[in-house]
Amino acid sequence: MANWIPLWLHKLSSPPVFYRFAGALRPWAIALALVLGLIALYGGLVLAPPDYQQGDDYRIIFIHVPSAWMGLFIYGVMGVAAFIALVWRIKLAEVVAMASAPVGAAFTFITLVTGSLWGVRMWGTWWTWDARLTSELVLLFLYLGVIALYHSFEDRRQGARTAAFLALIGIVNVPIVHFSVNWWNTLHQGSTIKLLGPSTIAPAMVWPLLTMMVATKLYYVASLCGRVRADLLALEGGKDWVRQIAENEVHG
Amino acid sequence: MTSHSPLLEARALAFHRQDEPVFGPLDFRLDAGELMLIEGDNGSGKTTLMRILTGLLRAEEGELRWRGEPLTWDRCSGEVVFLGHQLGLKAELSARENLAFTIGLHGHRNQSGIEGALTQVGLTGYEDEPVRKLSAGQKKRVALARLLLIPAALWLLDEPYANLDRSGIQLVDALLEVHIAHGGAALVTSHGAVQFHGGEPQRIRLHA
Amino acid sequence: MLDTRRPGLAHACIAVLRRDLTLAWRQRGDMLLPVLYALIVTSLFPFALGPESALLKRIAGGAVLVTVLLAMLLALDAMFRSDIEDGSLEQLMLAPQPLALMLGMKILAHWLATALPLIVVAPVLAGMLHLPAAVTPVLLAALLLATPLLSLLGGILVALTAGTRRSGMLLALMLLPLCVPVVIFAAGALAAAQEGLPWIAPIAWLGAALVMTVVLAPLACAAALRIALDS
């Protein structure tokens with residue numbers, strides 16, 4: 001009955017079909033991401049009440065927390081795509097995994113920068129070896145390793161498969177790092193101030209946060225569509241469907 | 001051999017790199033006791049074809065069958081010996097030590113020993129020199145000695161005549177003749193002429 | 001058909017081990033380089049931090065660990081490099097032996113040739129930084145578990161970079177996230193021992209991780225190599 005889902009996915013994994021699909025999806029994703037992002041910012045920066053302890057300083061969480069979620073989420077997507085790429089050798093999965101890495105690295109970087117900015121106001125220092133920030137730093141290095149390995153190969157497909165393998169190792173590594181960093185943090189009773197304490201969050205703070213979460217997801221979809229389209233054109237340069245597109249560009 | 005499927009069979013085998021065709025589509029079949037010459041100019045994909053036949057490299061299109069079953073690297077391992085541009089010799093070890101390692105991994109034919117193999121390829125007196133000190137042709141001969149030791153049904157020789165003098169070329173021809181006569185099979189790439197006296201070999205021509 | 005004698009697994013393992021150790025011995029000058037490097041780095045700490053004994057004592061355990069890690073990183077790139085360049089690795093992949101096991105033997109040989117000398121000089125390094133003598137056995141235990149872990153994890157990464165040209169910096173970038181837990185637990189044991197607290201738990205974690213890695217890393221290494229050389 002639900003036979004059409006795998007069939008549809010199979011069709012979608014063909015580069016020309018995905019190229020057209022991503023091209024149609026991209027403008028909608030960008031527009032929605034922008035609108036939702038603006039709404040979330042307005043809700044977070046204007047409508048939400050100031051925190052009774054941190055005043056207005058806490059408002060950076062409307063950037064910081066969704067970015068942190070995206071850093072992990074995109075790593076998960078990259079891991080799934082990497083697995084598909086290695087097991088079934090699907091070209092599109094390789095491209096999706098490698099196109100996700102820079103976006104994920106960017107979100108992780110934003111998380112670190114906003115966390116550091118917040119730290120200046122909260123702890124009076126740019127950097128503390130807080131368990132979460134440390135884990136984020138390791139995550140950034142994982143992303144950078146995948147990106148660097150991908151670009152160190154001349155053959156892009158070979159680079160993508162090799163980097164996909166590294167991404168899978170990273171998937172195993174992330175929980176281990178998280179566990180060990182937590183253990184290390186309790187060992188060295190350093191900074192124990194939680195960025196997000198157990199204090200209950202007002203609903204007026206929750207909805208902008210969730211809206212921003214959806215906006216960042218949509219931004220990722222849009223960015224991914226653009227990157228994958230470009231990579232597919234480069235990879236399939238010799239194929240007829242690419243030649244057709246090029247001819248249309250020139251004549252039309 | 002009781003089954004009638006050929007030792008190695010290729011159907012519509014083709015290879016692309018970055019969507020540029022390297023060679024193919026190719027069709028051929030190689031039986032035990034047969035020699036096949038792969039001819040082509042530089043850049044025509046001879047080495048790529050060899051690497052695919054070893055199973056190190058995967059062909060995206062077409063089919064390769066080994067004794068009637070799809071070829072994967074674990075199915076043919078041990079039955080294939082590959083001699084490539086890189087000889088796989090350790091420069092710091094002597095010819096004898098290099099061959100001892102080969103035997104440790106692959107085992108050896110019953111009647112053959114390292115001494116005999118080195119004598120046969122004309123390296124008497126050089127057994128204990130580090131390979132680093134041998135000439136390019138002598139290194140090639142050490143690698144050829146491996147062919148005598150390893151019990152393999154199929155030889156894949158990529159440019160076996162390179163760096164060899166006239167007696168070395170005759171040595172390769174002689175090795176091939178004996179191997180074919182004993183029911184072995186071989187694929188040999190070359191861009192030059194090959195003298196082979198054990199029957200007419202099959203020929204495949206690759207174009208750049 | 002052909003009259004053959006196939007060597008057994010143990011025979012093949014010994015062949016790989018013997019060849020790699022012979023090679024390491026023929027080039028034993030190279031074996032001393034990481035040791036020399038570790039000695040130099042360790043002697044830099046007092047210059048940078050001042051010769052005050054109390055301060056050096058506090059950082060001694062961690063400093064020795066990080067120094068050994070960096071020295072191992074220095075030698076890591078050479079694990080398969082020469083085998084790739086001279087074609088030996090292709091021959092190994094075509095041999096009728098399980099590749100994972102053969103690579104495991106190569107990693108073992110590499111560990112014996114590079115990490116073991118470092119462990120031997122570790123007490124000297126610890127002495128240079130005034131690590132209390134009572135902590136030295138813990139340091140050795142931590143190193144005996146942590147260095148094979150690093151060799152095994154490094155082996156996978158070296159296999160992944162097999163198809164690329166020189167890769168020193170790339171290896172460092174890739175190894176860092178993987179070695180964070182190893183460093184944390186090894187240093188945690190040392191810190192606990194130095195404060196007179198029980199240090200068995202982190203050592204046991206390292207041991208458990210090593211057992212898992214010994215089983216899985218050679219398999220991952222073989223898979224990585226097949227992917228990385230598929231070009």
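In what follows, every heavy atom counts, from backbone to side chain, and hydrogens, waters and symmetry copies are set aside. Residue numbering restarts at 1 for every chain, and letters A, B, ... go by the order of the sequence lines.
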Please flag which part of B:Leu89 lies under 4.5 Å from any non-hydrogen atom of chain C: side chain, backbone, both or neither.
backbone
By a 4.5 Å heavy-atom criterion (distance strictly below it), what part of B:Ile103 contacts chain C: side chain, backbone, both, or neither?
backbone
Any donor-acceptor pair under 3.5 Å linking the side chain of C:His110 with the backbone of C:Asp20?
no
Show the numbers, then the answer: is there a salt bridge (Lys or Arg N to Asp or Glu O under 4.0 Å) between B:Glu34 and B:Arg29?
CA-CA 10 Å; B:Glu34 279 187 337; B:Arg29 45 186 296 164; over 6 Å; no
Applying salt bridge (Lys or Arg N to Asp or Glu O under 4.0 Å) to B:Asp158 and B:Arg51, what does each step give before you reach the verdict?
CA-CA 9 Å; B:Asp158 194 7; B:Arg51 288 178 59 82; over 6 Å; no
Which atoms of B:Leu87 approach chain C - backbone, side chain, both or neither, heavy atom under 4.5 Å:
backbone
Can any side-chain N or O of C:Asp83 pair as donor or acceptor with the backbone N or O of C:Ser88 at less than 3.5 Å?
no
Among C:Pro98, C:Ser82, C:Gly87, which has the most heavy-atom pairs under 4.5 Å with chain B?
C:Gly87
Can you say whether B:Glu97 sits under 4.5 Å from chain C via the side chain, the backbone, both, or neither, judging by heavy atoms?
side chain
Hey, is CH2 on C:Trp205 packed in by over 12 heavy atoms from elsewhere, all under 6.0 Å?
no
Is the number of heavy atoms from other residues, nucleotides or ligands under 6.0 Å of C:Arg18 CZ greater than 12?
no
Interchain contact, C:Ile84 with chain B, by part (heavy-atom threshold 4.5 Å):
backbone
Choice from B:Lys90, B:Glu92, B:Gln86 maximising heavy atom contacts with chain C below 4.5 Å:
B:Lys90
